[in-house]
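One structure is given here, and the rest of the page talks about it.
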Amino acid sequence: MRDLPFPVRDANAAGGAGDLGNLPEWDLTDLYSSEEAPELDRDLEWLEGECAAFAADYEGKLADLDAESLLNCVQRNEKINSIAGRIMSFAGLRYYQLTTDAERAKFLSDMQEKITVFTTPLVFFTLEINRIDDDVLKAHFDANADLARYEPVFRRIRAMKPYQLSDELEKFLHDLGVVGDAWERLFDETIAGLTFTVDGEELNIEGTLNLLTEQNRSKREAASRELASVFQDNIKTFARVHNTQAKEKEIIDRWRKMPTAQTGRHLSNDVEPEVVEALREAVVAAYPKLSHRYYELKRKWLGLDVMQVWDRNAPLPMEDTRIVGWDEAEKTVMEAYNAFDPRMGEIASPFFSKGWIDAAVKPGKAPGAFAHPTVTEVHPYVMLNYLGKPRDVMTLAHELGHGVHQVLAADQGEMLSSTPLTLAETASVFGEMLTFRKMLDQAETPEQRKVLLAGKVEDMINTVVRQIAFYDFECKLHAARREGELTPDDINALWMSVQAESLGPAFEFMEGYETFWAYIPHFVHSPFYVYAYAFGDGLVNALYSVYESGAEGFEDKYFEMLRAGGSKHHKELLAPFGLDASDPKFWDKGLSMISGFIDELEAMEG
């Protein structure tokens, strides 16, 4: 079953205010017409009955099935996933529109509990797949081409074989999942319910983080200090959530005999630990030529002796502070997509016209942005908090890229469409790059070009450097939690240990910045998720260099890669482009694109 959607972009990306035009809202009726829809009752009833029937038909029997019977079993399981995913998508998306609404929170919780109860008897499915002899499974694949199509699913399930517990314990953990989810909801509701007062104005977290991109430095400072103050007031709650989640993970990992805290994430990402380590080492080694060098440039542009944390995402002094209306944002992104290939524009178009995007900032709405694929027989939904700055246009391009990817991959079906996180950023970052290049080509003055280049470099640093620093923070957090309970001060110290290293000597850190780990949702919802951003950015930069070189048939290969969804390993997907992520030099390709942009910015200074 698919995970619930959650805000996955760094909320620092949003900004602006004013009349933005007619911002679209979600129409969730393609899932269900309401929480009282008869179709929802029908699906819940079907799900309860089918889960019980599935268990009765197959439990204890998977190893003895012939190829055709095993295919039927897999397809029935896929249908269960699809119906459960539809219900949870509807409940989750309604909740994220208004996380402070008690009725929506209750509905989500009720659906989650029902589906957990219904699907507990299905835990045997993956456990028994792992008990089928390798030779028997291979013979089944040779005998039945339709079953062989699911080979990547079997391969990923069987990667968990060494870490599998007894059937009884696996069912227990499945049931217990709702408790961990409750801690995630506590985090979401706490974040959404926070209020910040800046210069007499009361704001939610999205509006306050947005002030960090204001031209007025004193406004940025006031917002930073207010964030620090409110985080400090709530720090015990955030520390409790992190302690509990990390401890729960440590217990499960210990029982499963996982060698590291990161192993589970690498397995679910279908990526080798050494590939992730090569990425991490390449990025950390590049800190001086990327973030340190760029922020030294920015310090000079801002005319400062030393930068404070509230200057990190500050606009440049010559930056155009105009607001980009929604219609212009749509036009910019759609033109960039169509210029690459009209097929891309065709897939993206319904998002704007059919209620597949929820764009406005509203009280109680979850911060950040995401694209949620829902289920393969419906369509994705994109959430933004659009406030009209050029970076918001990039966020639209990014999330729409996810949407296009999810639409194309849907033909793979429920079990093969879902892409590992490492590849899930491919179309989003590529869509962002297409939009950036279009805006860069349209720059009319050197100043405009400089501002666009600087903005792109900052986004790339936030995506690569910042996320690898986040990853290092998480690695330290989980390692430290294994030694015992962590106080807020302990977590603060871990956070600060990665900040100076990644941002460089241009920065000074205000008192209170040590609590800024508290609002990052990834740490709570999906431990070690963050390296996927750096992986995706590096991968796309390498891909884009192939595209720029005029490689023949690139567009067709690109669409084939997106259509593959989760049906192929990263090695197989990248081979048609002559790329290999397991080659340590691969990451230098992507990082050199960022340092090339910084070279151009330095040359403009000369």
Are there more than 12 heavy atoms of other residues, nucleotides or ligands under 6.0 Å from atom NZ of K61?
-> yes
Where do Y531 and N269 land on the side-chain hydrogen bond (donor to acceptor under 3.5 Å, both in side chains) test, with the steps shown first?
-> CA-CA 10 Å; Y531 75 72; N269 281 347; 2.8 Å; yes
Looking at F107 versus Y95, is the centre-to-centre ring distance below 6.0 Å?
-> no
What residues form a ring pair (Phe, Tyr, Trp, His ring centres under 6.0 Å) with F351, not counting sequence neighbours?
-> W356
Is the closest basic N to carboxylate O distance between R131 and D167 below 4.0 Å?
-> yes
Donor-acceptor pair, R280 side chain versus I468 backbone, under 3.5 Å?
-> no
Are side-chain N/O atoms of T126 and R158 paired as donor and acceptor at under 3.5 Å?
-> no
Greater than 12 external heavy atoms within 6.0 Å of K79's NZ | no
Can we call the ring centroids of F154 and Y150 under 6.0 Å apart?
-> no
Without hydrogens or angle criteria, can the side chains of E425 and S428 be said to hold a donor-acceptor pair below 3.5 Å?
-> yes
Distance-only polar pair, side chains of Q262 and T260, donor-acceptor under 3.5 Å = yes
Does the D30 side chain pair with the main chain of V378, one donor and one acceptor, at a distance under 3.5 Å?
-> no
Geometric cation-pi criterion R86 and Y32, 6.0 Å radius, 45° cone = yes
Within the side chain of K476, is there an N or O that forms a donor-acceptor pair under 3.5 Å with the backbone of I491?
-> no
Look at the side chain of E78 and the backbone N and O of M415, then say whether any donor-acceptor pair between them is shorter than 3.5 Å.
-> yes
Residues H522 and E474: side-chain donor-acceptor under 3.5 angstrom | no
Scanning both residues in full, the closest heavy-atom pair of A63 with I132 reads CA-CG1, 4.1 Å
Does any N or O in the side chain of D27 come within less than 3.5 Å of the main-chain N or O of G355, such that one atom is a donor and the other an acceptor?
-> no
Could you tell me which non-hydrogen atom of I115 sits nearest to which non-hydrogen atom of T119, and how far apart they are?
-> O-OG1, 2.6 Å
Presence of salt bridge, K571 and D580, under 4.0 angstrom = yes
Would you say K247 has more than 12 foreign heavy atoms packed within less than 6.0 Å of its NZ?
-> yes
Atom of R76, atom of A53 and distance for their closest heavy-atom approach | NH2-C, 3.8 Å
With under 30° as parallel and over 60° as perpendicular, where do the rings of F516 and F231 fit, or are they tilted in between?
-> perpendicular
NZ/K568: more than 12 non-hydrogen atoms of other groups inside 6.0 Å | no
Evaluate the side-chain proximity of L539 to L423: yes if any heavy-atom separation is below 4.5 Å, no if none is.
-> yes
In terms of ring plane angle, is the pair F473 and F523 parallel, tilted or perpendicular, where the classes change at 30° and 60°?
-> tilted
Quick one: do the T116 and H174 side chains pair a donor with an acceptor below 3.5 Å?
-> no
Donor on one side chain, acceptor on other, Q164 and N130, under 3.5 Å | yes
Evaluation steps, side-chain contact (heavy atoms from CB on, under 4.5 Å), between L173 and I252 | CA-CA 8 Å; L173 285 177; I252 293 169; 4.0 Å; yes
Check step by step if side-chain contact (heavy atoms from CB on, under 4.5 Å) holds for M383 and W26.
-> CA-CA 8 Å; M383 193 191 85; W26 279 335; 3.5 Å; yes
Among side-chain atoms of D66 and S69, is any donor-acceptor pair under 3.5 angstrom?
-> yes
Between Y96 and D188: side-chain donor-acceptor atoms closer than 3.5 Å | yes
How about E189 and T99: does a side-chain donor come under 3.5 Å of a side-chain acceptor?
-> no
Does the ring center of F430 lie less than 6.0 Å from the ring center of Y558?
-> yes
Are there more than 12 heavy atoms of other residues, nucleotides or ligands under 6.0 Å from atom NZ of K106?
-> no
Can you tell me if CD on E277 sees more than 12 non-hydrogen neighbours from other groups inside 6.0 Å?
-> yes
Look at the side chain of K236 and the backbone N and O of T487, then say whether any donor-acceptor pair between them is shorter than 3.5 Å.
-> no
Please find out if less than 6.0 Å separates the ring center of F118 from that of W46.
-> no
Electrostatic pair E250-R481, nearest N-O below 4.0 angstrom | no
Between H569 and E272: side-chain donor-acceptor atoms closer than 3.5 Å = yes
Does some side-chain heavy atom of E170 sit less than 4.5 Å from a side-chain heavy atom of F124?
-> no
Indicate the atoms forming the closest heavy-atom contact of N144 with E68, along with that distance.
-> ND2-CA, 3.9 Å
Is there a donor-acceptor pair closer than 3.5 Å between any side-chain N or O of Q245 and the backbone N or O of V524?
-> yes
If only atom types and distance count, is the side chain of R104 paired as donor or acceptor with the main-chain N or O of R94 below 3.5 Å?
-> yes
Determine yes or no for a side-chain-to-main-chain donor-acceptor pair under 3.5 angstrom, with H478 supplying the side chain and F528 the backbone.
-> no
Closest heavy-atom contact between V464 and V283?
-> CG1-CG2, 3.6 Å
Should the pair H379 and Y381 be assigned to parallel (<30°), tilted (30 to 60°) or perpendicular (>60°) ring geometry?
-> tilted
For the student: nearest non-hydrogen atoms of Y163 and R256, plus distance | O-NH1, 3.1 Å
